[in-house]
Number of protein chains: 2
Amino acid sequence: MAMNEHAKPTLDDVARAAGVSTATVSRCLNSPDQVIALTRERVMLAVERLGYTPDFGGRALASRRTNTVGAIIPTMDNAIFARGLQSFQETLSRFGKTLLVASSGYDPARERQQMEALAGRGADGLLLIGSARPESSTEYLRRRGIPFVGAWNLGSGDGCFVGFDNRAAAARLAEMVIARGHRRLAMIAGISYMNDRAADRTAGVRAAAEAAGIAPADLPVIEAAYTFEDGARAMGELMKANPRPTVVMCGNDVLAVGAMQMARELGLKVPGDVSLTGFDDIDLAGVVDPKLTTVRVPHRRMGEAAAEMLIKLITKQPVERRIEIPTAIIERGTLGPPRADSGHKG
Amino acid sequence: MAMNEHAKPTLDDVARAAGVSTATVSRCLNSPDQVIALTRERVMLAVERLGYTPDFGGRALASRRTNTVGAIIPTMDNAIFARGLQSFQETLSRFGKTLLVASSGYDPARERQQMEALAGRGADGLLLIGSARPESSTEYLRRRGIPFVGAWNLGSGDGCFVGFDNRAAAARLAEMVIARGHRRLAMIAGISYMNDRAADRTAGVRAAAEAAGIAPADLPVIEAAYTFEDGARAMGELMKANPRPTVVMCGNDVLAVGAMQMARELGLKVPGDVSLTGFDDIDLAGVVDPKLTTVRVPHRRMGEAAAEMLIKLITKQPVERRIEIPTAIIERGTLGPPRADSGHKG
DNA sequence: TATCAACATGTAAGCGCTTACATTGCAATG
DNA sequence: CATTGCAATGTAAGCGCTTACATGTTGATA
């Protein structure tokens, strides 16, 4: 009996079932206080009984707003963005907005494609990661009047950003490493193509090394995808050098843990034979042995701030266009002094 | 000049700009071969120039299909589902479908809410995790005629499933543990409320223990959320017992790694003083020292199979209603024999 | 009792798109 | 040359919803 029509029920069906007009049903759903309690009950009962859910498309079409915001992150395969995104979405939902997440696989073309998909789905605003993307992509968003904020770094252009200074943070860490006595550094960097965070971190380390008078030959850099495996592989490569680097600075914690694993396999003690640093301070960093010396990024705060900024942009409130989130160096177990015998080239 | 109207362009705008009817523009976008090349070029140029993207709502409304499927996973905060979801979406996109992901936080009410959100957004089908949910939720989907498949386990009801036998896999692992000589087991289980995977794994271990004549008192079970921290806390709790368990079986790898960290803090060697097992074989398992003995779940294959099944359901092709993905025990470093002196109660 | 708020509800016009159907133009055919 | 068939394009009717506006109902007031 309930199964009268096997199609998905529409507003009309509900209206008929409740003996009211579609307008009344719509009001019950959107501004219940405009409808008298008795009617409302009748309507809600019908809604319940028919298993009615409003059609988003119709609703968006008619009301010209979606209460949806989109986020395009490079990858979901990885804890880096998970934490920040979580608080981003929590903040959003406090404002009654829904989050749609898409991933680009670090590919600008796919990022653009996802922009169009989200725009088409009516996203009121977008969260993007970083600022390295073709001019045409941002131009597209501007044309459509879709506000967006970049996160995870501070952009250089004229957009809105909530992030931190990857370059400065990496430089500070490198300075500390050098202050510990290291002169032969190496770096396992993230892949810098269209990834300003990775590029900035590398640049920071390079700058600090140069400032300390370290020759570029004493700072080999290998770029690796953010996986344990690639980190391990790069580490294997770096450890072939003679003399070996006394410290390997990694573009993020995942790489560092992969490197650590390889060090273990090669019979190298960390930090006795080789020191290691990470970046991000994801949970993982505190769970390996020894724990990772790394840079903490307050992901939750960043996600929250990004959500607030985006909402302000959407509602056309004034915003501070650039919010910097401070980072902190977390000293744990993987950074020690260089080996006593390793100061001299062999 | 390009900025003539600052509103988002519509099909109409494009049609006017190209000097054709809306129908022709629509055809250019959806079945280009029905339009002669010359016209098509003119239209595409206008599309490009105006920065037009079709409005998803309008399109869904008019064509009554969305080419969208939804997935509701308990959490994104965690690598467990990432891998499987990734291949799920890759397979989907090979069939021209878009994936919308939502998370429930292991809460059936929020899962239901997300079902409605996705249904409203026009999802043609849904991927759900497991089978533990109120009857009313599945009833809702059936009423709306939205096909769904459960993954990560084999359901008992009459739905469609792609998964593995959590109970049997856990039991097999426990049998192996017991065969190694362990008699004092403990378990850090996932929280079983509305989580059939966690419940099944616990049940499997319990059954194996019982079959081996191990007293329930020699199998304490603590439930913990899937975080390093909670795993560590539970481990701390379990290690207070006297005599201590000689092995702690964990509901997943994250818990096991947390437990391992706590063991280290307590000065207990793994597996010398206490053995550990995990479940899932996520990347993490191969990266800690010693590496985790665990159960491998072929997540990629599962995601792929789930996508294929769902597509068949959507297109009303016949399907095998239950696909079992085999699991394998991966023996690595965290499971050893019990301590020599630990066979006797103190 | 007539009048008028104030409120509850109904009516109907689109929102941007797809698509069945109608129209047009043109080449091939009788 | 009239006819036919086909390919390319146009016309217009909705898809399910919101909302401005119209209408009806009530109770208080003059």
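Convention: sequence-line order gives letters A, B, ...; per-chain numbering from 1.
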Self-check item: Nearest-angstrom distance from the residue atom CZ of A/Arg16 to P of C/dG10
Solution: 14 Å
Quiz item: Which whole-number value in Å describes the distance from A/Arg27 CZ to C/dT11 P?
Solution: 11 Å
Quiz item: Rounded to whole angstrom units, what separation is found between the CG atom of A/Leu61 and the P atom of D/dT19?
Solution: 12 Å
Self-check item: Whole-Å distance separating the CZ atom of B/Arg59 from the C1' atom of D/dG16
Solution: 18 Å
Practice problem: Quick one: label A/Phe56 by what it contacts on the DNA or RNA (base, sugar-phosphate, nothing), any heavy atom closer than 4.0 Å. | Solution: nothing
Quiz item: B/Thr53 and A/Arg144: side-chain donor and acceptor closer than 3.5 Å?
Solution: yes
Exercise. Determine, for A/Tyr140 and A/Arg112, whether the Lys NZ or Arg CZ falls below 6.0 Å from the six-membered ring centre while staying within 45 degrees of the axis.
Key: yes
Quiz item: Without hydrogens or angle criteria, can the side chains of B/Thr98 and B/Asn67 be said to hold a donor-acceptor pair below 3.5 Å?
Solution: no
Practice problem: Compute the ring centroids of B/Phe164 and B/Trp152, then answer whether they are less than 6.0 Å apart. | Solution: no
Practice problem: Using atom OH of B/Tyr52 as one end and atom P of C/dG16 as the other, report the distance to the nearest whole Å. | Solution: 10 Å
Practice problem: Identify, between B/Thr22 and A/Thr53, the residue whose nearest nucleotide on DNA chain D lies closer to the 5' end. | Solution: B/Thr22
Quiz item: So what does B/Leu11 touch, heavy atoms closer than 4.0 Å: a base, only the sugar-phosphate, or nothing?
Solution: base
Quiz item: So what does B/Arg40 hit on the nucleic acid, given a heavy-atom distance under 4.0 Å: a base, only sugar-phosphate, or nothing?
Solution: nothing
Quiz item: Which is true for B/Ser26 with a 4.0 Å heavy-atom rule: it touches a base, it touches only sugar-phosphate, or it touches nothing?
Solution: base
